[in-house]
There are 2 protein chains.
Amino acid sequence: MKTPEELTSLFRARGLKVTPQRQRIFTILHDSPRHPSAEAVYEAARADMPTLSLRTVYQTLNDLASMGELAALDLGTGATRFDPNLSPHHHLVCIQCGSITDLHTVFPDVAVPTGAGDGFTVTATEIVFRGRCASCEAARTPELHPTHH
Amino acid sequence: MKTPEELTSLFRARGLKVTPQRQRIFTILHDSPRHPSAEAVYEAARADMPTLSLRTVYQTLNDLASMGELAALDLGTGATRFDPNLSPHHHLVCIQCGSITDLHTVFPDVAVPTGAGDGFTVTATEIVFRGRCASCEAARTPELHPTHH
DNA sequence: CTTTGTGCAAAGCCTTTGCACTCGC
DNA sequence: GCGAGTGCAAAGGCTTTGCACAAAG
């Protein structure tokens, strides 16, 4: 994620206006190591800017995504997650609490084998590990574990 | 995907009723090598059963999914896709037309490295290759390809 | 006969959009 | 000032749910 200052310049260069609302959103994204939903960005921004509307959040996030400064992810958690991390990476998605963790491992063997894809041209490869994060795993009652009685 | 007859027995064994509507849906899923959305199953079934309601389709698909006889996929195409193929496999998703193709390759190296997942317990690994299917790639105008001038 | 399934319509969630006003540039 | 941004509210797509009736077991 670029700094708020860099994003400001980028927006100006594109003829987009830079408002306090947008700067606030830039900062929230820059500071967030998470993968917030639009709603989460909205909530965070409203703490300082009670009048901010959800529309502004969506518009700014979509502007950033179309500029390639942000990745919009659909990881099956219900809402689109916005990922400020632009380096190629994969995701661990908790099926219980919906939290998302980055995994920066490179998997060199992952590719469509020659002749298998029926002419498919790959532009992006996404690997999603689904399971339970440490705290959700710990919170499961022992009775639910497959143990002998 | 089990045969309609097997699914009928399974439903009966669970105390679920087997109606003509459900049998029709069983058959459609069994015959489909695709990954239909609920809407697609609905359209296919309505050809023979004009009075069938979308609710019945969703309920039957969700019943099958919770019984593990069907996988419900969210591949970012807008609607949930139902996958009758239960063997572990991955997907090629066309970013243009939304078509989905199976890839039955096994990637033995794909795993969360020891110590990297911060206690995350993986229950499923999904690999999605995004790009363009052969026909959508062919339909792109040559001007859009990155060539020298 | 009881329990589940069905059809219709309405509501839910997330996201987008129309409109009029405001404000950055 | 002009055009883009903003806030509000309404609409849009997909999915779920409440209700009353019909049907399966």
Side-chain angles (χ1 to χ4, degrees), chain A residues 4-5 7-26 28 35-43 45-46 48-67 70-83 98 100, chain B residues 4-5 7-26 28 35-43 45-46 48-67 70-83 98 100:
Chain A
E5 292 73 29
L7 292 175
T8 298
S9 305
L10 260 168
F11 265 55
R12 292 237 167 88
R14 289 200 164 215
L16 298 173
K17 295 180 179 171
V18 179
T19 59
Q21 289 91 335
R22 298 195 148 180
Q23 291 183 325
R24 187 78 196 90
I25 293 170
F26 294 167
I28 288 169
H35 304 70
S37 62
E39 198 73 33
V41 173
Y42 178 51
E43 290 305 327
R46 259 209 315 192
D48 304 343
M49 277 188 180
T51 66
L52 180 75
S53 82
L54 194 50
R55 168 181 189 134
T56 301
V57 174
Y58 272 108
Q59 179 162 308
T60 304
L61 291 174
N62 287 335
D63 286 346
L64 285 166
S66 63
M67 289 162 69
L70 195 61
L73 304 175
D74 181 349
L75 294 172
T77 55
T80 303
R81 299 301 195 92
F82 294 88
D83 189 346
I100 297 170
Chain B
E5 292 73 28
L7 293 175
T8 297
S9 305
L10 261 168
F11 265 54
R12 292 238 166 87
R14 291 202 163 214
L16 298 173
K17 297 180 179 171
V18 179
T19 58
Q21 289 90 336
R22 298 196 148 181
Q23 290 183 326
R24 185 79 196 90
I25 293 170
F26 294 167
I28 288 169
H35 305 70
S37 62
E39 197 73 34
V41 173
Y42 178 51
E43 290 304 326
R46 259 211 314 193
D48 304 344
M49 277 188 180
T51 68
L52 180 76
S53 83
L54 193 50
R55 169 181 187 134
T56 301
V57 174
Y58 272 108
Q59 178 160 309
T60 303
L61 291 173
N62 286 335
D63 286 346
L64 285 167
S66 64
M67 291 164 67
L70 195 61
L73 304 175
D74 182 348
L75 294 172
T77 56
T80 302
R81 299 302 194 94
F82 294 89
D83 190 345
I100 297 170

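Proteins get letters first, then strands, A, B, ... in listed order; numbering begins at 1 in each. Atom set for the values below is all heavy atoms of this structure, side chains included, hydrogens, waters and symmetry mates excluded.
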Nucleotide [N], atom [atom2] - distance to [atom1] of [X] in whole Å:
X     : N      : atom1 : atom2 : value
B:M49 : C:dG5  : CE    : P     : 15 Å
B:D63 : D:dT15 : CG    : P     : 16 Å
A:Q21 : D:dT6  : CD    : C1'   : 7 Å
A:Y58 : D:dG13 : OH    : C1'   : 13 Å
A:L54 : D:dG5  : CG    : C1'   : 15 Å
A:D74 : D:dG13 : CG    : C1'   : 14 Å
B:Q59 : D:dA23 : CD    : P     : 17 Å
B:R46 : C:dT6  : CZ    : C1'   : 15 Å

Residues in side-chain contact (heavy atoms from CB on, under 4.5 Å) with B:Q21, at least two apart?
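B:Q21 satisfies side-chain contact (heavy atoms from CB on, under 4.5 Å) with B:T19, B:M49, B:L52, B:T56 once adjacent residues are dropped.
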Under 3.5 Å donor-acceptor, A:R24 side chain and A:A45 backbone
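No; judged by distance alone, with no hydrogens or angles, the pair does not exist.
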Would you say the side-chain atoms of B:S66 pair up with the backbone N or O of B:D63, donor to acceptor, closer than 3.5 Å?
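Side chain of B:S66 to backbone of B:D63, a donor-acceptor pair under 3.5 Å: yes, one is there.
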Name the nucleic acid region contacted by A:T51, choosing base, sugar-phosphate or nothing; use a 4.0 angstrom heavy-atom cut-off, strictly under.
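Sugar-phosphate contact only.
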Is the phosphate of C:dT15, meaning OP1 or OP2, less than 4.0 Å from a side-chain N or O of A:T80?
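For A:T80, the contact criterion (side-chain N or O under 4.0 Å from OP1 or OP2 of C:dT15) is met.
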Heavy-atom check, side chain of A:L16 versus side chain of A:R22, under 4.5 Å:
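Counting from C-beta outward, A:L16 and A:R22 do come under 4.5 Å.
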With heavy-atom distances below 4.5 Å as the criterion, would you say the side chains of A:N62 and A:F82 are in contact?
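Answer yes - side chains close enough.
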Counting only side-chain heavy atoms from C-beta out, which of D:dG7, D:dT15, C:dC14 sits nearest to B:A79?
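Taking heavy atoms from C-beta onward, the closest nucleotide is D:dT15.
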A:L73 and side chain to side chain contact (heavy atoms under 4.5 Å, CB included): which partner among A:L75, A:L70, A:T77?
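When A:L75, A:L70, A:T77 are each tested with A:L73, the side chain to side chain contact (heavy atoms under 4.5 Å, CB included) holds only for A:L75.
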Could you pull out the closest heavy-atom pair between B:F11 and B:M67, with the gap in Å?
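Nearest heavy atoms, B:F11 then B:M67: CE1-SD, 3.6 Å.
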Which residue, B:F82 or A:S53, contacts DNA chain D at a nucleotide closer to its 5' end, judged by nearest heavy atom?
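Closer to the 5' end of DNA chain D: A:S53.
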Comparing B:P50 and B:R22 on DNA chain C - which has the more 5′ nearest nucleotide
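Looking at the nearest nucleotide for each, B:R22 comes out on the 5' side.
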Counting primed atoms, P, OP1 and OP2 as sugar-phosphate and everything else as base, the B/S/- map of nucleotides 19-25 of chain C against protein heavy atoms under 4.0 Å is B----BS
